[in-house]
Amino acid sequence: MFCDAAALTASSGCSSSTRLAERRDLHRQPMSREDKEAQEDELLALASIYSEDEFKRSETAPGGEICVCLDLPPNFSVAIKGDCASNEYMGSFEDIVSFLPPIILDFELPPGYPSTDPPAFKLSCKWLSPSQLALLCQRLENLWEEYAGGVVLFAWMQFLKEGTLEYLKINSPYEIQLCEFGPKCIRNNSGISDSCSATGPAEAVIWDKRAIQDVESVAALIDCILDFNEAQQKKCFDSKWYMCNICFSEKVGSECTHFKKCEHIYCNACLKDYYTVQIQDGQVQALNCPEPKCSSVATPAQVKLLVGEELFSRYDRLLLQSSLDLMADVVYCPLLNCQTPVMLEPGGTMGICSNCNYAFCTLCKMVYHGVAGCNITTEKLVEEDLEEDQDEKLFEEDLEEDQDVFTPEKLILVREEYLEADAAGKKLLEKRYGKHKILKAVERKSTEWLETNTQQCPNCNASIQKDGGCNKMICRKCNKDFCWLCFAVLSTENPYDHFKDISSGCFNQM
């Protein structure tokens, strides 16, 4: 897109600048008491009306910096084409924003302001071209003349904030104009730039040294637009009040979390309790929006902010582990003191641990043996099974021999006492009753409970307990939907269709 300055001719710009310069020379005089009081009153008024983000008063001279953030219409779209700015950016950018970086007005009040002289100023912006900024500079000068010796800074701010879009005829979608004032953009004697875009032929553009398009590169401009928009949205969100649908209390936005995908909002206190329980239970894949049937998931940054560093470390570790467990091309180093995840080569049977450099066979988990067959035979597998059976038989015999000590009731009490004891208590119980017996009893309890109360996920074989609800289940390890009746993996998009299918054995049994 070319920089358009049709609304401003070179002759009018030059004559206006000359006229203002003559007025400054003719009316230059020491500051009067009235001007000094008017300047001080105006600066104090601006400081009381606007925040420090909008107005900063200079400490060294009568002046300051005004940042004007425009009120954009809803669904305002901005775009940057890939052929602008000397082809330095070959991609394309387009996004809907609620805020754009501010127009910055740097000003200094001369001794003759406001009676005779206007403020000296510069106008800079990242998303307005020098031509557009020159038009605004001209409009500010016209406003000064209209006020005929009165203070004008507040009127300038109001115009920039409320009238810029209309004055420059900016509508959505808006394509940002980028002009490069370098070797290809030379100012001639009339104050007009001979070129203003690498995208087309030269076009007359007003050159105004007060108009500055503060852009280092197109990539930096895109980052600035996105970062500023996000920061301003966060600032607006933090200042508003929202109802939490968990505790049914109204909380200010700075104490709430916003799920951007679904737009649901909950207070941080409720989410912290909810996520803490989930992480402690190892269900790190289930940190989603609490709204029923909502699939939005909390970002790692949101989780970290809510639960703190210590619990987040557990969440991060379990999330990585669960992700690795679902990857078919990842195994763990078989050395018990290492257990580092190892990425496998496609079709290969050798794994090399990046932590301890142990090379092993991915089939038998022994030292890598090349083309030779694995050293685990059927006899070896049978022998291991027999050893497990023998351990179980010895455990039963020990219980029969010590039945005066280990009655079923006593066994349960000792087992529960062991599970609830601290490290010192566990060692004392192991010394008293024998570590082998206690550990076997604990293992048996876990195995019996799992066999009695759980079923295996048909996708990842994780043990799952059903404590109520419908027969459409979700595995918290692999996030797959499945039927509790027939253990069929269900469609992610429409899992309930399984129970509506007349040909299914689970028809109407959800």
Side-chain angles (χ1 to χ4, degrees), residues 53 223-224 226-292 294-327 330-333 335-343 353-356 419-426 460 462-465 474-479:
D53 294 335
D223 290 340
C224 179
L226 296 178
D227 291 345
F228 184 82
N229 182 59
E230 183 176 356
Q232 289 298 109
Q233 286 181 326
K234 180 69 165 61
K235 185 177 178 180
C236 290
F237 176 82
D238 288 348
S239 63
K240 296 180 181 179
W241 290 79
Y242 303 92
M243 172 70 74
C244 174
N245 286 335
I246 296 178
C247 63
F248 297 102
S249 300
E250 279 201 347
K251 299 288 183 71
V252 69
S254 58
E255 299 177 2
C256 297
T257 295
H258 177 211
F259 294 88
K260 293 185 178 180
K261 180 181 177 181
C262 60
E263 299 296 331
H264 294 139
I265 298 170
Y266 291 90
C267 77
N268 292 342
C270 292
L271 284 179
K272 179 181 179 180
D273 294 341
Y274 176 56
Y275 288 161
T276 296
V277 172
Q278 299 283 66
I279 295 172
Q280 288 174 344
D281 290 347
Q283 297 183 4
V284 294
Q285 300 282 3
L287 301 188
N288 53 356
C289 170
E291 191 76 15
C294 183
S295 60
S296 294
V297 179
T299 65
Q302 289 174 324
V303 175
K304 186 175 184 179
L305 187 65
L306 289 167
V307 303
E309 288 283 351
E310 183 177 350
L311 204 57
F312 179 78
S313 297
R314 172 179 170 82
Y315 160 80
D316 198 35
R317 175 174 54 82
L318 293 177
L319 186 63
L320 175 61
Q321 181 178 332
S322 64
S323 299
L324 292 175
D325 289 344
L326 296 175
M327 298 172 65
V330 172
V331 296
Y332 291 90
C333 175
L335 298 183
L336 295 179
N337 62 345
C338 183
Q339 296 290 297
T340 300
V342 177
M343 184 73 71
C353 178
S354 60
N355 182 47
C356 64
L419 292 173
E420 296 175 0
D422 56 14
K426 283 183 170 64
C460 67
S463 296
I464 297 175
Q465 179 190 17
I474 301 177
C475 175
R476 292 305 183 188
K477 182 178 179 181
C478 65
N479 275 342

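Predicted model only: the values in this text are computed from it and were never measured.
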Student check: side-chain heavy atoms of Gln278 and Thr276 closer than 4.5 Å: no

Distance (rounded to the nearest 0.5 Å) between Asp273 CG and Asn268 CG: 11.0 Å

Qualifying residues under side chain to side chain contact (heavy atoms under 4.5 Å, CB included), relative to Ile246, sequence neighbours excluded: Cys244, Tyr266, Cys270, Pro290

Heavy-atom pair of closest approach, residues Ile279 and Arg314: O-NE, 3.0 Å

Main-chain N/O of Leu335 paired with Gln339 side-chain donor or acceptor, under 3.5 Å: yes

Any side-chain heavy-atom pair of Ile464 and Cys475 under 4.5 Å: yes

Tyr315 and Tyr275 aromatic centres sub-6.0 Å: no

Nearest non-hydrogen partners of Ser354 and Thr340, listed with the distance: OG-CG2, 4.2 Å

Closest non-hydrogen atom pair, Cys353 against Val342: CA-CG2, 3.8 Å

Residues, nucleotides or ligands: over 12 heavy atoms within 6.0 Å of Lys251 NZ: yes

Thr299 backbone acceptor or donor facing Gln302 side chain under 3.5 Å: yes

Spatial distance of atom SG (Cys267) from atom CZ (Phe248) [nearest 0.5 Å]: 11.5 Å

Electrostatic pair Asp53-Lys235, nearest N-O below 4.0 angstrom: yes

From OG (Ser249) to CH2 (Trp241), nearest 0.5 Å: 10.5 Å

Contacts of type side chain to side chain contact (heavy atoms under 4.5 Å, CB included), residue Cys236, not counting sequence neighbours: Phe99

Interatomic spacing from CG in Leu306 to NZ in Lys272 - rounded to 0.5 Å: 9.0 Å

Test item: Glu255 and Val252 side chains (from C-beta on) under 4.5 Å apart, heavy atoms: yes

Point-to-point distance, once rounded to the nearest 0.5 Å, from CZ of Phe237 to NZ of Lys260: 10.0 Å

Crowding at CD, Glu263 (>12 non-hydrogen neighbours, <6.0 Å): yes

Inter-residue atom distance Ser296.OG - His258.NE2, 0.5 Å rounding: 9.0 Å

